[in-house]
Number of protein chains: 2
Amino acid sequence: MHLRHMSGRMIGDQKTVLKFETMLNNVISGDSIEIMKQIPDNSVDLIFADPPYNLQLENELYRPNETKVNGVSEDWDKFRSFQDYDDFTLNWLSQCKRILKESGTIWVIGTYHNIFRVGKIMQDLGFWILNDIVWIKTNPMPNFKGTRFNNAHETLIWASKDKESKYTFNYKTMKAYNDDLQMRSDWYIPICQGDERIKINGQKLHPTQKPEALLYRIITATSKPGDIVLDPFAGTGTTLVVAKKLGRSFIGIEKEPLYVDACRERLKNTASYQQKLLDYPLEIRPKRVPFGSLIENGYVKAGEYLYSPDGEARALVLANGTLSYEDKYGSIHKISAMILNKPANNGWAFWYVKRDGKLVSINDLRQKLLKDQYANHHGIQ
Amino acid sequence: MHLRHMSGRMIGDQKTVLKFETMLNNVISGDSIEIMKQIPDNSVDLIFADPPYNLQLENELYRPNETKVNGVSEDWDKFRSFQDYDDFTLNWLSQCKRILKESGTIWVIGTYHNIFRVGKIMQDLGFWILNDIVWIKTNPMPNFKGTRFNNAHETLIWASKDKESKYTFNYKTMKAYNDDLQMRSDWYIPICQGDERIKINGQKLHPTQKPEALLYRIITATSKPGDIVLDPFAGTGTTLVVAKKLGRSFIGIEKEPLYVDACRERLKNTASYQQKLLDYPLEIRPKRVPFGSLIENGYVKAGEYLYSPDGEARALVLANGTLSYEDKYGSIHKISAMILNKPANNGWAFWYVKRDGKLVSINDLRQKLLKDQYANHHGIQ
DNA sequence: TTCGTTACTGAATCTGGAC
DNA sequence: CGTCCAGATTCAGTAACGA
C-alpha cells in the first residue's frame with residue numbers, strides 16, 4: 001500500500017529510495033535536520049511541526065551560572081540565544097520547504113516565546129501563510145502569580161509551499177463538521193489529559209504532549225486519505241497516531257530515545273479506520289460538463305426552450321449548444337447573466353426545461369448525465 | 001493637570017519641553033517616526049500601536065451575491081517588500097522603546113500578514129513579551145470563496161520595555177471584570193460597527209477603525225488614571241477617546257489630515273469620566289460545540305451509527321465528522337433535513353446514538369462535552 | 001408603532017482547468 | 001507561461017423600508 005505513494009516521484013540514488021521506504025510509517029530516531037536531508041525533494045504532503053520553543057531557556061536550565069562566570073553581558077547573551085534559535089529554525093524549515101510537495105502545506109505550532117521568529121522566517125523562506133489558527137485551551141493552567149493575563153492559547157501557522165500553490169483544504173468537510181458554518185481560525189480544544197496523556201510512574205513523559213483532537217482536525221482539514229504526513233519533532237507521536245487512524249501514511253523523526261519508544265508503543269496499539277469511514281465525497285469536484293453534452297446525449301433537444309425559474313423568460317436551444325434569446329446569442333451563462341442584469345451568472349443554476357408540464361432544472365439533467373455515464377462506465381444497470 | 005505628568009521626568013531643551021506640552025492631550029498631524037523623535041526619553045506610560053498591516057491585496061474580491069468587498073486599498077498599507085516593511089517597523093519601534101518609561105508597556109496589534117515580523121523585531125529590540133492576546137471577532141467577514149479557514153481574529157502583543165521592568169498590570173481589576181476568573185488571553189469583542197463607526201456620507205472614513213471595547217480593556221488593564229497613553233498611528237482616534245474617558249492623558253500622531261480632523265471632532269464630544277467604570281459589555285465566549293468535536297473527543301466514534309428518533313433510519317458516522325446515508329453525504333443537519341423532506345433541520349434535535357441498547361440524544365452528549373471541557377476553567381469537579 | 005423583509009457591509013494576502 | 005471563461009462561493013449584525 002505504501003508503494004502507491006512512490007509512483008511518479010523523482011528519486012535520487014538507491015540509498016535514498018531505501019531510506020524513504022524505511023521511513024514510511026515509522027519513527028526515525030535521530031536529529032531532525034540530518035534525517036530530513038535524506039528525504040527526497042517534493043515527497044511529503046503535509047508537515048506538522050512542534051519545534052522546541054526557546055533554546056535560551058534550555059541554556060539557562062543546563063548551564064545556570066555561565067553568564068555570571070564568564071561575565072558576559074546579558075544583552076549579548078540574549079542576542080546570541082535568539083541568533084542560535086533563528087539559525088536552528090532556518091535550518092529545519094529549509095529542509096521542510098525542500099521536501100514538501102508543491103501541493104503540500106505545513107503547520108507549525110508555538111507560543112509567543114518563539115512563534116513570531118518562526119513566522120518571520122517562514123515568510124522569508126517563501127512559505128505563503130494561509131491562516132494563523134489559535135488553539136484556545138478550554139482548561140489552561142492558571143497564571144499562579146497573577147502578573148499577566150492567563151496564557152490560554154497557542155498559535156499555529158498554516159502555510160503553503162509557495163504563493164501560487166494549489167493546496168489541499170477540505171472546505172466542505174470542515175463546514176459540515178462545524179454545523180454547516182465555515183470553520184473559523186479559533187479552535188476550542190482541551191489540553192491533553194486523562195488517559196490520553198502518557199505517563200511513566202505517574203509522571204508525564206513529555207512536557208507538552210499535544211491533544212489528539214488538535215491533530216485530528218488538522219489532518220482531516222488539510223490532507224487526503226493516503227497522503228504522507230511528516231512530523232519532524234514527533235515527541236510521543238500524537239501526529240503519527242492520528243495520521244494512522246485517519247488512513248494517512250506518516251514519517252516521524254524524534255531525537256529522544258524515550259519518546260521514540262513511546263511512539264512505537266502507541267502506534268502498535270493504534271488501528272486505522274476502515275476505508276469506507278475515510279471517504280470524503282463532499283470534496284470531490286463534479287466533472288465539468290459542457291452544456292453541449294446534454295444535447296449530444298439527448299437530455300436536451302435542439303429546438304426546445306429553456307425557461308427562467310419563474311417561467312417568464314424563455315430561450316431557444318440551438319444545435320451548437322448555445323442559446324438564442326430575443327436578438328442575442330450566447331452561452332447559458334451569458335444569456336442568464338444578461339436577463340438578470342449581472343456581470344456574470346451560473347447558467348446551470350438558472351435554466352429549466354419543461355418535462356410533462358413541469359419545470360426541471362438543467363442542473364438535475366447534468367447530474368443525471370454524470371450518473372448515467374458513471375454507471376455505464378462501471379457496467380452498472 | 002497636564003503638568004503633573006511632567007514632574008520628575010528628564011527633559012532636554014526648552015523647545016522639546018514646549019513640544020511635549022503641546023502634544024499632551026492632542027493629536028499631532030505628521031509622520032509618526034519624525035514626531036516621536038521630538039518626544040523625550042522615558043516619558044510615556046503606555047503605547048498602543050496599530051501599524052499598517054501590509055495586507056498585499058492584489059485583486060478585487062466579490063461576495064457570492066456579486067457585490068464588491070470594500071477592502072483596504074489605501075496607499076499607507078502598501079510596502080514594496082518585506083525588507084521595506086521591516087525597516088519601517090524597526091524605526092518606529094525603536095522610537096517607542098526610547099520614549100517609553102521604564103515601567104511602561106506597549107501593545108501592538110496585527111494579523112498574520114505582519115504580526116510575526118513585528119514580534120520578531122520587538123524581541124530583537126529587547127522588548128520583553130508579557131502576553132500575546134487574541135482578539136476574537138464575534139462577527140468577522142466570512143471567507144467568501146471557501147479557500148481557507150475564516151480569519152476570525154487579530155493578534156495583540158503586550159510587552160514591557162525590558163525583561164526586568166516593573167510594569168503596571170491591574171490584575172484584580174481584570175479578575176473582577178471577568179466574573180472573578182483570571183482574565184485570559186482570548187478576548188471576544190465584535191468589530192466596530194453601528195453608531196460607533198465613523199462615516200462620512202454613509203461611507204466609512206477609516207477602513208480599519210478599532211472598537212472602543214478593545215481599547216477600554218487594554219487601557220483599564222495596563223495603565224493607571226493620569227498615565228500618558230501614546231498612539232503613534234492614531235487613525236480616527238479610538239485610543240485617544242477611550243484614554244480621555246478613562247481619565248488618562250494621551251498623545252496621538254496621525255499622518256492623514258482627514259483622520260486628524262475626525263480625531264479632534266471625536267475628542268471634542270468626549271467627556272472624561274475619570275475613575276468611573278464604563279459599561280462595556282464583557283463578551284462571553286459562544287459555547288457552541290460543533291458536531292466534529294464530539295468525534296475529536298471520542299463522545300461519538302467514527303464507524304458507529306446515528307439513529308432517527310423512531311430508530312428507523314440510521315446514518316453512518318464518517319471519520320471526518322460527516323454522515324453517510326444511503327448514497328448521500330453531509331452534515332447532521334443536511335442529512336436529517338433530507339430524511340424529513342424539509343429544506344432545513346436542526347440535526348442536534350434529531351439524532352441519537354445507542355448506548356447500552358438505549359437511544360441517547362447527541363444533544364445530551366454535546367452538553368456533557370461542554371461540561372467536561374469547561375469543568376477545570378470554572379473550578380468545578 | 002411594531003414587525004417582518006430586504007439590503008448592505010466588515011484588516012481578505014479568497015478559483016481553477018482547458019487551451 | 002498567459003489567457004479565457006465556466007462556475008462555485010458568505011456570517012453576523014445593522015439599517016432602511018414597507019405593511
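Naming: A, B, ... by sequence-line order, numbering from 1 per chain.
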Side-chain N or O of A:Lys287 less than 4.0 angstrom from OP1 or OP2 on C:dG17?
no
Touch check for B:Asn151, heavy atoms < 4.0 angstrom, all strands: base, sugar-phosphate only, or nothing?
sugar-phosphate
Enumerate the residue pairs fulfilling side chain to side chain donor-acceptor pair (under 3.5 Å) with a member in residues 146-156 of chain B, sequence neighbours excluded, ordered by first and then second residue.
A:Asp132-B:His153, A:Ser185-B:His153, B:Tyr53-B:Glu154, B:Tyr112-B:Arg148, B:Lys137-B:Glu154, B:Asn143-B:Thr147
Which is true for B:Asn150 with a 4.0 Å heavy-atom rule: it touches a base, it touches only sugar-phosphate, or it touches nothing?
nothing
In whole angstrom, give the distance that lies between atom CD of B:Glu58 and atom P of C:dA11.
21 Å
Ignoring the backbone of B:Pro142, work out which of C:dG10, C:dA12, C:dT9 is nearest its side chain.
C:dG10
Say we look at C:dC8 and D:dT10: how far apart would their C1' atoms be, to the nearest angstrom?
13 Å
Please determine whether a side-chain nitrogen of the Lys or Arg among A:Lys368 and A:Asp372 lies less than 4.0 Å from a carboxylate oxygen of the Asp or Glu.
yes
To the nearest Å, give me how far apart OH (B:Tyr62) and C1' (C:dC8) are.
16 Å
Considering non-hydrogen atoms only, spot the tightest contact between B:Gly321 and B:Phe291 and give its length.
O-CD2, 3.4 Å
Watson-Crick or G-U wobble partner for D:dA8, using a 3.5 Å limit on both distances?
none
Can you give me the closest heavy-atom contact between A:Leu46 and A:Leu100, atom names plus distance?
N-CD1, 4.3 Å
Per the salt bridge (Lys or Arg N to Asp or Glu O under 4.0 Å) rule, which among B:Arg266, B:Arg197, B:Arg217 passes with B:Glu212?
B:Arg266
Residue mapping more 5' on DNA chain D - nearest nucleotide basis, B:Gln193 or B:Lys145
B:Lys145
Do B:Arg117's NZ or CZ and the ring of B:Phe82 fall within the cation-pi criteria of under 6.0 Å and 45°?
yes
Using only modelled atom types and a 3.5 angstrom limit, is any donor from either the side chain of B:Arg63 or the base of C:dG10 paired with an acceptor on the other?
yes
Rounded to whole Å, please give me the gap between CZ in A:Arg184 and P in D:dT10.
16 Å
When A:Thr173, A:Asp179, A:Asp180, A:Asn178 are each screened for side chain to side chain donor-acceptor pair (under 3.5 Å) with B:Ser331, the one that passes is A:Asp180
Can you give me the N/O atom pairs linking the protein to nucleotides 4-7 of chain D at distances under 3.5 Å, or say none if there are none?
unit_1, atom_1, unit_2, atom_2, d
D:dG7, OP1, A:Trp348, NE1, 3.3
D:dG7, OP2, A:His333, NE2, 2.5
D:dG7, OP2, A:Trp348, NE1, 2.4

Please state the P separation for the pair D:dA6 and C:dA11 - nearest whole angstrom.
34 Å
Minimal heavy-atom distance between A:Ile362 and A:Gly347, with the atoms involved, is CD1-O, 3.8 Å
For B:Thr147 and B:Val72, take the nucleotide of DNA chain C holding the closest heavy atom to each; which residue's nucleotide lies nearer the 5' end?
B:Val72
B:Met141 side chain: which of C:dA12, D:dT10, C:dA11 is closest?
C:dA12
Aromatic plane relationship, A:Phe149 with B:Trp107 - under 30° parallel, 30 to 60° tilted, over 60° perpendicular:
perpendicular
In whole angstrom, what separates A:Glu283's CD from D:dT9's C1'?
14 Å
Give a yes or no on this: more than 12 heavy atoms of other residues, nucleotides or ligands lie within 6.0 Å of atom NZ of A:Lys224.
no
What residues 195-209 of chain B contributes to the DNA chain C interface at heavy-atom separation below 4.0 Å is B:Arg197, B:Lys204, B:Pro207, B:Thr208
Let me know the distance between CZ of B:Phe144 and P of D:dA12, rounded to the nearest Å.
12 Å
Value in whole Å for how far the P atom of D:dT14 lies from CD1 of B:Ile191
10 Å
Fit a plane to each ring of A:Phe169 and A:Trp158, take the angle between them on a 0 to 90° scale, and name the class: parallel (under 30°), tilted (30 to 60°) or perpendicular (over 60°).
tilted
Ranking B:Arg148 and A:Tyr167 by the position along DNA chain C of their nearest nucleotide, the one closer to 5' is B:Arg148
Same-atom distance (P) from D:dC17 to C:dT1, integer angstrom:
16 Å
Report the C-alpha separation of A:Ser361 and A:Tyr352 in whole Å, then their side-chain angles, then the decisive distance to 0.1 Å, and conclude whether the side-chain contact (heavy atoms from CB on, under 4.5 Å) test is met.
CA-CA 4 Å; A:Ser361 161; A:Tyr352 293 76; 3.8 Å; yes
Under 4.0 Å, heavy atoms only, any strand: does A:Leu130 hit a base, just the sugar-phosphate, or nothing?
nothing
Select base, sugar-phosphate, or nothing to describe what B:Pro51 touches, counting heavy atoms under 4.0 Å on all strands.
base
Ignoring hydrogens and angles, are the base of D:dA8 and the side chain of A:Lys172 linked by a donor-acceptor pair under 3.5 Å?
no
Look at A:Tyr171 and D:dT10 and indicate whether a side-chain polar atom (N or O) is within less than 4.0 Å of OP1 or OP2.
yes
Counterpart base for D:dG2, defined by Watson-Crick or G-U wobble contacts under 3.5 Å:
C:dC19
Of the listed C:dG16, C:dA11, D:dA12, the closest approach to the B:Asn139 side chain comes from D:dA12
CE of A:Met183 versus C1' of D:dC11: gap in Å, rounded?
15 Å
Heavy atoms only, 4.0 Å cut-off, all strands: where does B:Pro140 land among base, sugar-phosphate and nothing?
base
Rounded to whole angstrom units, what separation is found between the CD atom of A:Gln182 and the P atom of D:dC11?
5 Å
Counter-base of C:dT6, judged by Watson-Crick or G-U geometry with both distances under 3.5 Å:
D:dA15
